[in-house]
Protein chains: 2
Amino acid sequence: MEQVDIFKALSNKTRLQILEWLKEPAQNFPDQEHAGYENGVCVGQIQAKAALTQSTVSEYLSILQRAGFVQSTRVGQWTYYKRNEEAFAKLSKIIKSNI
Amino acid sequence: MEQVDIFKALSNKTRLQILEWLKEPAQNFPDQEHAGYENGVCVGQIQAKAALTQSTVSEYLSILQRAGFVQSTRVGQWTYYKRNEEAFAKLSKIIKSNI
DNA sequence: AAGATATATCGGGTTTTCCCGATATTTAGA
DNA sequence: TCTAAATATCGGGAAAACCCGATATATCTT
């Protein structure tokens, strides 16, 4: 993954919003309460909130995952996505000193 | 300037490279020695190193400036661009805590 | 004032991104 | 094993970004 692709992943309003939402899963996705939030939030919940099609949201999550900002866990027929805070810390450092 | 436009400004290899070059003006632009580096580096020097057309480089610098990453100073017929380190520090913090 | 130099702006062809609908894949349950 | 549900992948039209050449603007020199 090249530097520029990291920034491309963040160059979209919806993707930035998804990352924000995932900071507070319980508050932003109360409908998923029954399943808990240990593994993050499933695609369907994110899609409903983003108000885009399922395919688009799935692709966006894939882009964020390739860039390292989220990680996914498959549980049955659901795929849960949660933030990978290390990636943000790493990028923060890079911007502070390398760029 | 919206968050997403900050990242769009960084979503291009050449623009990232320009920002890197401007970290060490004397080393990366030795041909400008006579004029000093207090105000940064002039467009022509950056253009030569980037190997893109003058219009493209001028536009790229404008994009970086709108995003706050560089600031310009006009001296005679030259426009000098230098890094604005505050913008990087600010973005670093935002990524660490806000995004 | 006229010509030369440096930079900015404009118009547009090419490439990439956005976002969709259709379809394929994976897993659960009857 | 058949159907349903959740997600991933594919193909493509529309919008945006890339990058160019041509031209406009600003400043310097003569």
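Owing to the predicted nature of the structure, the values given are computational and were not obtained by experimental measurement.
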Nearest-Å distance for atom pair OH/P, residues A:Tyr81 and D:dA6: 16 Å
Compare side-chain N and O positions of B:Thr56 against OP1 and OP2 of D:dC20 and report whether any pair is under 4.0 Å apart. yes
Tell me if the NZ atom of B:Lys13 is crowded by more than 12 foreign heavy atoms within 6.0 Å. no
Classify the side chain of A:Ser55 versus the base of C:dG21 as yes if they form a donor-acceptor pair under 3.5 Å and no if they do not. yes
Among the nucleotides C:dA22, C:dA8, D:dG21, whichever has the atom closest to the side chain of B:Val43 is C:dA8
Residue A:Arg15, side-chain heavy atoms: nucleotide from D:dT7, C:dC18, C:dC19 that is nearest: C:dC18
Would you kindly give the NZ-to-P distance between B:Lys13 and D:dC18, to the nearest whole Å? 14 Å
For A:Asp5 and A:Ala51, find the nucleotide of DNA chain C closest to each by heavy atoms; which residue's nucleotide sits nearer the 5' end? A:Asp5
Would you indicate, yes or no, if C:dC18 has its OP1 or OP2 atom less than 4.0 angstrom from a side-chain nitrogen or oxygen of A:Asn12? yes
Within this structure, what is the CD-to-P distance between B:Gln54 and D:dC18, rounded to whole angstrom? 18 Å
May I have the distance from A:Leu61 (atom CG) to D:dT7 (atom P), rounded to whole angstrom? 10 Å
Is B:Glu38 salt-bridged to B:Lys82, cutoff N-O under 4.0 Å? no
Using the rule that Ile, Leu, Val, Met, Phe, Trp and Tyr join whenever any side-chain heavy atoms are under 4.5 Å apart, tell me whether B:Val70 and B:Tyr60 fall into a single cluster. yes
Between B:Gln77 (CD) and D:dC28 (C1'), how many Å, whole number? 5 Å
Could you give the CD-to-C1' distance, from A:Gln47 to D:dA5, as a whole number of Å? 13 Å
Can a side chain N or O of A:Thr79 be found less than 4.0 Å away from OP1 or OP2 on D:dT7? no
Please determine whether residues B:Trp78 and B:Leu22 belong to a single hydrophobic cluster, defined as Ile, Leu, Val, Met, Phe, Trp and Tyr linked transitively by side-chain heavy-atom distances below 4.5 Å. no
Taking atom NZ of A:Lys49 as the centre, does the number of heavy atoms from other residues, nucleotides or ligands within less than 6.0 Å exceed 12? yes
Just call it for A:Ser62: base, sugar-phosphate, or nothing, with non-hydrogen atoms closer than 4.0 Å on any strand. nothing
Nearest to the side chain of A:Tyr60, heavy atoms from C-beta on, is which of D:dA26, C:dC18, D:dC19? C:dC18
Name the closest nucleotide to the A:Lys8 side chain, picking from D:dC19, C:dT17, C:dG21. C:dT17
With heavy atoms under 4.0 Å as the rule, sort B:Thr14 into base, sugar-phosphate or nothing. nothing
Measure from CD on B:Gln17 to P on D:dC19 and round the result to the nearest Å. 12 Å
For A:Leu10 and C:dT17, what is the distance between atoms CG and P respectively, to the nearest whole Å? 14 Å
